[in-house]
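In the text below, chain A, chain B and the rest are named by the order of the sequence lines, each starting its count at 1. This one's a predicted model, so the numbers in the text were calculated from it and none came from an experiment.
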Amino acid sequence: MAKMTMVQAINLALKQEMEKDDNVVVLGEDVGVDGGVFRVTEGLFEQFGENRVMDTPLAEAGIIGFSIGMALYGLKPVCEIQFSGFTYLGFHQLESHAARLRGRSAGRFTVPMVLRAPYGGGVRALEHHSESREAYFAHTPGLKMVIPSSPRNARALLVSAIRDPDPVVYFEPKALYRAFREEVPEDEETMELGRSRIAREGKDITLISYGAMLHETMQAASALHQKQGIEAEVIDLMTIAPLDDALFIESARKTGRVVVIHEAPRSFGPGAEVAVRLVEKSFLYLEAPIRRVTGFDLVIPLFQREKAYLPGVDRIVRAVRETLDF
Amino acid sequence: MAKMTMVQAINLALKQEMEKDDNVVVLGEDVGVDGGVFRVTEGLFEQFGENRVMDTPLAEAGIIGFSIGMALYGLKPVCEIQFSGFTYLGFHQLESHAARLRGRSAGRFTVPMVLRAPYGGGVRALEHHSESREAYFAHTPGLKMVIPSSPRNARALLVSAIRDPDPVVYFEPKALYRAFREEVPEDEETMELGRSRIAREGKDITLISYGAMLHETMQAASALHQKQGIEAEVIDLMTIAPLDDALFIESARKTGRVVVIHEAPRSFGPGAEVAVRLVEKSFLYLEAPIRRVTGFDLVIPLFQREKAYLPGVDRIVRAVRETLDF
Amino acid sequence: MPRQEIELPYRIDYLSILDEQGKVDQDLEPDVDKDFLLKLHRGMLLGRRFDERLLQLQRQGRMGTFAPITGQEAAQIGAVAALEDSDWLVPSFREMAAEIWRGKTMENVILLYAGYNEGGAIPDGLNNLPIAIPVGTQTLHAAGIAYAMKYRQEKHVAMVFFGDGATSEGDFHEALNFAGVFQVPVVFVCQNNHWAISIPRSKQTRSKTLAQKALAYGVPGIQVDGNDVLAVYSAAREAVERARSGDGPSMIECVTYRMSVHTTADDPKRYRREEDVEGWVAKDPITRFEKYLKSRKIFTDKKIEAIEAEIKQEIKEAVERSEKKMEELGDPLLMFDHVFAELPPYLREQHEELRKELRQDST
Amino acid sequence: MPRQEIELPYRIDYLSILDEQGKVDQDLEPDVDKDFLLKLHRGMLLGRRFDERLLQLQRQGRMGTFAPITGQEAAQIGAVAALEDSDWLVPSFREMAAEIWRGKTMENVILLYAGYNEGGAIPDGLNNLPIAIPVGTQTLHAAGIAYAMKYRQEKHVAMVFFGDGATSEGDFHEALNFAGVFQVPVVFVCQNNHWAISIPRSKQTRSKTLAQKALAYGVPGIQVDGNDVLAVYSAAREAVERARSGDGPSMIECVTYRMSVHTTADDPKRYRREEDVEGWVAKDPITRFEKYLKSRKIFTDKKIEAIEAEIKQEIKEAVERSEKKMEELGDPLLMFDHVFAELPPYLREQHEELRKELRQDST
Ligand SMILES: Cc1ncc(C[n+]2csc(CCOP(=O)(O)OP(=O)(O)O)c2C)c(N)n1
Ligand SMILES: Cc1ncc(C[n+]2csc(CCOP(=O)(O)OP(=O)(O)O)c2C)c(N)n1
Ligand SMILES: [Mg+2]
Ligand SMILES: [Mg+2]
């Protein structure tokens with residue numbers, strides 16, 4: 001076991017899967033010689049060579065469509081889109097092909113690819129470098145949408161994503177890349193996709209989040225506990241789609257009160273789906289309206305105003321109090 | 001006043017706006033000489049010539065990006081994407097530019113363009129020709145997402161969309177193109193974007209829909225009334241984003257029970273946002289869980305199974321009964 | 001060093017072997033045996049006849065819309081004839097003759113256009129992708145497949161088809177560029193049939209040829225008479241050999257013509273004149289090839305009749321098989337097949353919803 | 001008619017006027033007056049000095065990341081110098097010198113990179129678009145703007161900048177094609193600085209030049225020494241005149257070099273050797289041009305010092321103005337400006353939410 005940052009943990013997952021399976025190849029802009037603009041693929045080029053760690057031309061539809069072709073032939077491409085905000089240039093390849101070729105060929109062909117991209121705010125970046133639009137992918141039938149929240153689950157989820165027989169979009173909360181370290185076992189570890197987890201147990205209220213916001217949420221939960229003895233249960237979704245509603249519904253039935261926290265814009269965002277599932281499946285248990293603490297319905301502003309845009313501890317604490325006071 | 005199909009009504013809106021304002025130009029694949037694959041732009045080429053009704057090369061990002069340029073210079077382009085399922089090839093132009101240039105230039109530049117595309121099922125089409133993914137656009141800050149439900153409102157909404165100073169995505173429910181006729185006044189008529197309407201008044205339950213499904217919903221409401229005296233209030237959203245929640249919240253406060261109907265896939269779809277707004281704003285009035293009657297979380301199947309995929313009168317009626325019985 | 005011309009590495013040739021009268025240029029005539037020539041003929045004729053039958057089925061309401069191939073048989077058959085079974089075919093939506101040549105069943109073609117997703121099924125072992133409708137997007141898949149072949153050091157080739165209109169899409173550009181950069185064994189076959197629905201070739205792009213677009217990627221390109229099956233075959237063979245021997249991608253522009261409607265939903269009278277089409281009747285790829293075969297005494301009118309009868313029978317049986325298959329495919333719950341390897345919980349719930357609904361409706 | 005070469009309408013030239021020693025090719029020397037030459041020099045020098053200042057500000061933590069331009073001044077200034085004020089400039093994100101030449105204020109450049117959206121503001125009457133970060137996507141806007149100019153029969157020109165990497169994006173392809181088909185007055189200026197972050201030009205595409213890509217669209221293309229401001233200016237003037245007189249688009253490839261980091265977040269040591277960069281020091285566009293100016297006795301070392309001092313002062317004032325402006329921009333609620341012409345209800349509610357929150361936090 002070693003203490004690793006999320007960048008190191010993701011790198012470990014790639015390295016070990018590549019060692020284990022020749023079919024795993026990595027491609028994208030600057031993932032080779034440079035080791036990726038966030039150094040996620042560092043060392044892979046040296047270890048596996050240019051045929052398996054491919055610096056591609058600058059073209060996102062190209063990267064995704066080329067990966068689809070490789071996957072159809074039986075490889076397991078892990079492509080990187082440099083920032084999630086540039087995924088849209090190849091969105092049609094994901095929507096129209098990656099997500100559909102299994103169905104279109106009535107099961108003959110599958111697309112076992114992973115699309116990795118750093119996403120989310122918090123790193124003082126330029127425009128298009130801080131987006132959080134996982135809902136686009138979550139709403140797309142045929143795609144899985146995964147977002148880790150710690151080095152250890154990032155590693156385990158990525159291994160599972162690579163082994164998954166279907167296309168997985170895997171967004172990496174870049175604010176967490178080097179935010180903290182965690183023990184990550186050297187030995188193989190996987191984590192089933194489509195499962196959320198209880199990040200903190202509690203009985204008074206259920207807080208549902210994922211990615212970088214999970215940590216704001218955990219801090220809010222601590223603060224609530226320390227200052228007011230409120231015991232918040234925190235759920236880390238980890239997979240956004242297919243959404244595991246069983247766990248948060250069980251929690252909501254226990255607490256009766258729910259706050260959903262994400263940095264994506266609020267309207268038509270992931271929180272809406274979480275809320276409606278709660279309404280569909282645990283209506284009679286709800287004692288207060290579900291609250292959404294989210295990014296506003298704006299393009300995320302440049303970094304001077306990013307903090308005010310993103311959900312933070314204070315905003316979450318306030319929403320919890322109001323929900324408890326309802 | 002003349003009785004018109006929706007195709008004719010949209011054509012009328014284009015024609016009249018082009019007559020009134022030289023800045024309005026129409027472009028897209030086959031919109032010129034051919035008059036559009038659904039004949040929506042019929043006659044415009046003959047009347048306005050090739051500089052204003054432009055047959056473009058086959059490239060969706062091209063069409064949208066070119067339109068953005070025209071709009072930046074002060075024209076009012078109305079571009080057609082032949083089917084909404086091909087909008088994704090130019091999605092990045094919408095997300096990264098059309099929706100952002102006002103903000104990016106701190107108000108100096110605006111993008112007064114309309115993107116028209118036929119959407120939705122029900123016309124025995126090939127793959128990619130029956131999608132309903134308005135949620136992608138609705139979740140995108142800076143875009144408006146409009147869907148008419150009848151010839152008359154199609155015409156009035158399109159006129160307003162063309163005059164709107166910001167980019168509007170306007171999806172035309174192709175199943176309604178020639179499904180029925182309606183009186184459409186020859187004289188100018190507009191309809192404010194961002195407003196929904198009561199399509200049928202009632203007191204027992206609120207049904208919220210739009211586009212082609214509005215008609216299934218209206219039929220369900222009639223059936224419920226005729227067979228069981230249930231008075232359903234039907235709301236036609238017309239604008240999906242920015243979502244007008246005032247009207248349906250008022251209705252839900254009155255009826256206490258709500259069913260949302262759309263053909264888009266269920267998870268992370270428009271119904272989720274409608275539901276969560278109801279929870280946020282009228283929690284205490286809700287007497288039963290909000291039900292979603294929607295497309296399944298699948299790529300819409302080819303036409304032999306399309307009927308079973310799409311919400312139909314029976315499915316809506318059943319959901320209403322179960323909601324009332326709750 | 002003033003203003004000076006830069007020498008570019010490739011030139012663009014035009015290739016034609018059989019003229020409109022079926023006269024062959026003997027210097028260029030490919031060295032293939034009679035059986036192979038007969039096979040080319042049969043492939044083209046089957047494509048033509050099946051196309052005609054599909055049109056009838058569509059007009060009778062037994063099928064939905066589809067994209068006819070009539071006039072483009074030589075471009076398709078000439079190209080795929082250069083492939084081995086272990087090579088891969090990546091079609092767009094107007095290569096029905098090529099797909100069938102490679103082993104796609106006619107009943108699946110019918111099933112698909114009759115609205116059954118199962119029509120997209122490809123038997124195990126057949127290296128064809130299903131059709132791709134979003135124009136131009138499949139070119140990238142072919143490049144990726146070819147990369148995988150190269151990566152695995154398997155000496156196969158991927159061949160991808162697309163239209164003149166497709167060359168305008170960004171994905172075409174990215175595919176050619178990736179193929180050039182990674183020097184993968186892929187052959188890009190453009191069926192320039194002069195139309196993209198109502199948009200004529202001249203309005204699609206200002207370049208003189210489509211073949212020259214390959215130069216932008218350092219990829220060799222050639223323009224061929226696409227109604228001349230021998231020219232297409234020769235160019236394809238050259239490109240396939242280049243790919244197979246590790247010398248990278250090529251692009252072939254087949255100059256042909258869409259003799260029929262774009263799809264059965266289209267009315268070409270709105271945008272093109274009858275005369276334009278008539279000019280191309282004389283260039284018909286099958287007639288021309290039959291003249292050549294006759295002149296080489298490879299076959300007679302009698303033989304043609306026998307082949308026609310055989311093809312008719314084959315098509316009849318395929319239609320029957322498709323109809324039988326449709327009966328087995330009536331259950332709407334089949335739509336939940338093939339979404340993911342395993343159905344996730346919320347989809348299982350939706351499946352159950354529909355199952356209950358169907359049961360209720362039937363009681 | 002056997003296999004025969006097709007004649008293509010354009011050839012690709014290479015243009016160079018000032019060599020590395022500042023020696024001019026007198027046949028090609030553009031006929032412009034001294035003030036203009038001085039203006040070119042000043043534009044380049046200001047670009048260089050401001051770049052250096054920005055790097056300091058960034059390293060001091062007073063600004064976030066940005067894309068330095070050092071080494072590319074000639075490519076930028078030479079090109080925009082051929083424009084009129086009524087023409088339009090469509091930049092990517094590495095044309096700071098060109099933007100400032102056209103009238104973008106230095107304080108806005110600083111504001112933007114310091115994380116204030118207001119830095120994107122463009123004063124009324126200045127026909128520059130804000131920077132575009134998604135690579136290659138802005139080329140389409142330029143083509144559309146140019147169409148609008150043509151449509152309105154206004155004899156203006158749009159000029160768009162992009163990098164070598166950008167030529168790989170589908171949008172570049174679609175933009176060139178639209179421009180060619182509609183014959184709009186647009187000039188595509190490629191700054192081939194040999195790198196797209198860590199990807200060298202040779203891995204970006206297999207074509208020998210980038211200029212030849214224009215041939216794919218029936219558009220004239222030329223390659224120029226991008227560190228030679230006279231060559232760039234001459235090629236740009238030719239292209240701008242062609243556009244203005246209704247003869248359609250052109251593409252210019254400026255061969256230059258990114259002397260600095262990709263952005264301040266980048267570490268080029270990981271992927272390129274110091275020697276590679278050093279080879280380009282000798283080709284510096286400003287040194288070379290100064291030699292030329294001196295040889296023509298247009299200016300002296302003394303004059304250069306005066307200009308340097310002037311520029312330094314200008315930059316200092318801009319930094320001060322930007323700092324003052326930042327103080328006025330502290331209110332996070334400003335993020336709700338400029339979303340739509342009018343804020344819709346749910347956004348008004350969100351605005352109110354934030355307003356209350358900020359009030360609570362401050363009490
Ligand atoms: C991305 C995309 N845009 C639009 C369409 C609608 N469409 C189908 S075929 C076609 C024209 C295709 O022209 P071409 O590439 O020349 O192929 P052809 O139909 O002539 O075989 C169009 C516009 C589509 N299928 N995909
Ligand atoms: C669509 C898109 N993909 C990726 C990026 C990340 N990125 C920013 S600049 C750059 C390289 C650009 O290279 P080039 O076009 O040569 O311009 P240069 O940076 O050399 O000026 C990349 C990959 C981006 N901004 N946009
Ligand atoms: Mg065509
Ligand atoms: Mg570059």
Student: Using the side-chain contact (heavy atoms from CB on, under 4.5 Å) criterion, which residues pair with D/Val339? Sequence neighbours excluded.
Tutor: A/Leu298, D/Leu343, D/Leu347

Student: Who wins among A/Leu126, A/Val299, A/Ile300 for the most heavy-atom pairs under 4.5 Å with chain D?
Tutor: A/Leu126

Student: Where does A/Phe296 contact chain D at under 4.5 Å (heavy atoms): side chain, backbone, both or neither?
Tutor: both

Student: Going by the rule side-chain contact (heavy atoms from CB on, under 4.5 Å), which residues pair with D/Leu54 if we only count those two or more places apart in sequence or in a different chain?
Tutor: D/Phe50, D/Leu57, D/Met63, D/Phe66, D/Met96, D/Val109, D/Ile110

Student: Out of D/Gly120, D/Ala114, D/Ala196, return the one with the most heavy atom pairs under 4.5 angstrom to chain A.
Tutor: D/Ala114

Student: Excluding sequence neighbours, so at least two apart, what forms side-chain contact (heavy atoms from CB on, under 4.5 Å) with A/Ala71?
Tutor: A/Pro77, A/Val111, A/Pro112, A/Met113

Student: I'd like to verify something: which residue of A/Gly35, A/Gly85, A/Pro57 has the highest number of heavy-atom pairs under 4.5 Å with chain D?
Tutor: A/Pro57

Student: Under 4.5 Å heavy-atom distance to chain D, tell me which part of A/Val37 shows up: side chain, backbone, both or neither.
Tutor: side chain

Student: For chain A against chain D, print all donor and acceptor atom pairs separated by less than 3.5 Å.
Tutor:
from, atom 1, to, atom 2, distance (Å)
A/Asp30, OD1, D/Ser198, N, 2.8
A/Asp30, OD1, D/Ser198, OG, 2.6
A/Asp34, O, D/Arg270, NE, 3.0
A/Asp34, O, D/Arg270, NH2, 3.1
A/Glu42, OE2, D/Arg270, NH1, 3.2
A/Glu42, OE2, D/Arg270, NH2, 2.9
A/Leu58, N, D/Gln204, OE1, 2.7
A/Arg266, NH1, D/Glu353, OE2, 2.9
A/Arg266, NH2, D/Glu353, OE1, 3.0
A/Arg292, NH2, D/Tyr346, OH, 3.0
A/Asp297, N, D/Gln350, OE1, 2.8
A/Asp297, OD2, D/Gln350, NE2, 3.1
A/Leu302, N, D/Asn117, OD1, 2.9
A/Gln304, N, D/Gly115, O, 3.2
A/Gln304, NE2, D/Ala114, O, 2.6
A/Arg305, NH1, D/Glu118, OE1, 3.0
A/Arg305, NH1, D/Glu118, OE2, 3.1
A/Arg305, NH2, D/Glu118, OE1, 2.9
A/Arg305, NH2, D/Glu118, OE2, 3.3
A/Arg305, NH2, D/Leu329, O, 3.2
A/Arg315, NE, D/Glu357, OE1, 2.7
A/Arg315, NE, D/Glu357, OE2, 3.1
A/Arg315, NH2, D/Glu357, OE2, 3.1
A/Arg318, NE, D/Gln360, OE1, 3.3
A/Arg318, NH1, D/Gln360, OE1, 3.2

Student: Using a cut-off of under 4.5 Å for heavy-atom pairs, which of A/Gly62, A/Ala61, A/Ala59, A/Gly32 has the most such pairs with chain D?
Tutor: A/Ala59

Student: Most heavy-atom pairs under 4.5 angstrom with chain A, which of D/Ile131, D/Leu333, D/Leu112, D/Leu334?
Tutor: D/Leu334

